[in-house]
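Quick notes on the structure that follows.
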Amino acid sequence: MLGPVLLAASRSAAIRRIVSAAPVTRPMVDRFVAGERLAESMAAVRGLTSRGLEVTLDHLGEDVTDRSEALRSRDAYLALTEALAGEGLGARAEMSVKLSAFGQALPGGHDLALANVTPVVEAAAEAGTTVTLDMEDHTTVDSTLAILGELRTRFPQTGAVVQSYLFRTEDDCRALAGEGSRVRLVKGAYNEPASVAYQDKREVDRAFVRCLKILMSGEGYPMIGSHDPRMVAIAQDLAHRLGRKKDEYEFQMLYGIRPAEQERLVAEGHRMRVYVPYGTDWYGYFMRRLAERPANLAFFLRSLVGRG
């Protein structure tokens, strides 16, 4: 079971140095990350939207260690908002933010993250777009949902992510499924203990379906974040049975994963949003993608051995 090992490695500085230095790493990273610079990410956005896809952009950076890094994250998102407005992409592209990048884990982190993310949400609204708060490990959930509540008092379109592998998530879905809410449901990609999260894939899948039923039955706007064909089919069936129109929910998938399926859903008239990460701090994101997909991991390890 290499998945948990890789998730732990995603926070290891020593392994980061080894992986970053490996010649095979860059081509693999380029599959999942749109580039290191804002201009590269905007080129990716233009390409995706020209094919009928929608986008959510993530400037990579998490677990910041000081307030200056948190301010740099804020400023990177403000620059992104300006770029989206300048190209008139606000209706097709939104932004995803990790509050750890805004200082959530620092002393006084809850208030600091709220203070740093608020101008980003304000700028997004002015640009005709919005922000979704990514969910991280279980220790951050209460703070993230509290910040969501604060932001939604002024910007009700602000979205949130919930992770089906956490025991608490069904209750969170019930609380979030009200009118006007935007909720992205994913399975989860952090190494969580058995005391708070399902460990068996089948249990995670069953929890995903239970959460999906709650969101689809609610009054909000569900965003189904899954590459699993079964979950996509279940979501389509639920939407049909509950009378949801195709513009009353959307599918979301990661940049570089199942692009043919993404375009198939668009061709069928579904809203399909691609999660597009960019930036220099790609290591943690990259390692979580390897942990999620055994085929990618096997290819990467074979390549490392071959290079060796």
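Note that the coordinates shown come from a computational prediction; the quantities given were computed from them, not determined experimentally.
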Is the closest side-chain donor-acceptor distance between [X] and [Y] under 3.5 Å?
X: Q252; Y: T56; answer: no
X: Y221; Y: R271; answer: yes
X: S226; Y: D228; answer: no
X: R184; Y: S96; answer: yes
X: Q163; Y: H138; answer: no
X: E150; Y: T118; answer: no
X: Y165; Y: D200; answer: no

Taking the side chain as C-beta and beyond, is there a heavy-atom pair between [X] and [Y] under 4.5 Å?
X: T140; Y: L99; answer: no
X: D58; Y: V276; answer: no
X: V232; Y: M253; answer: yes

Partners of [X] by ring pair (Phe, Tyr, Trp, His ring centres under 6.0 Å), sequence neighbours excluded?
X: Y278; value: H59
X: F208; value: none
X: Y198; value: F167

(request) Identify whether the distance between the nearest side-chain nitrogen and carboxylate oxygen of E136 and K98 falls below 4.0 Å. (result)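 Judged by the 4.0 Å cut-off on N to carboxylate O distance, E136 and K98 do not form a salt bridge.
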(message) Any carboxylate oxygen within less than 4.0 angstrom of a Lys/Arg side-chain nitrogen, looking at R202 and D205?
(response)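 D205 and R202: not salt-bridged.
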Using only atom types and a distance under 3.5 Å, with no angle test, would you say the side chain of [X] pairs donor to acceptor with the backbone of [Y]?
X: R31; Y: G256; result: yes
X: E248; Y: K245; result: yes
X: E268; Y: L265; result: no

(message) Just to verify, which of V141, T139, L166 counts as forming a side chain to side chain contact (heavy atoms under 4.5 Å, CB included) with V196?
(response)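 Option passing the side chain to side chain contact (heavy atoms under 4.5 Å, CB included) with V196: L166.
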Heavy-atom closest pair, residues [X] and [Y]:
X: S143; Y: Q104; value: OG-NE2, 3.1 Å
X: R92; Y: L53; value: NH2-O, 2.8 Å
X: A146; Y: H110; value: CB-CE1, 3.7 Å
X: L80; Y: M42; value: CD1-SD, 4.2 Å

(request) Could you note down all residue pairs passing side chain to side chain donor-acceptor pair (under 3.5 Å) where residues 122-133 supplies at least one of them, sequence neighbours left out? (result)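 Residue pairs with at least one partner in residues 122-133: E94-T132, E122-R154, T132-R182.
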(message) For R152, give me all partners under salt bridge (Lys or Arg N to Asp or Glu O under 4.0 Å), at least two apart in sequence or on another chain.
(response)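 With neighbours one apart ignored, the set is empty.
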(message) Under 4.5 Å side-chain heavy-atom separation, chaining through any Ile, Leu, Val, Met, Phe, Trp or Tyr, what else clusters with I214? Say none if it is isolated.
(response)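 Result for I214 is none, singleton.
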(message) Test side-chain contact (heavy atoms from CB on, under 4.5 Å) on E54 and M272; report intermediate values, then the result.
(response) CA-CA 6 Å; E54 298 182 42; M272 174 67 238; over 6 Å; no
(request) Could you tell me the separation between the CE atom of M95 and the CG atom of L84, rounded to the nearest 0.5 Å? (result)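 That separation rounds to 6.5 Å.
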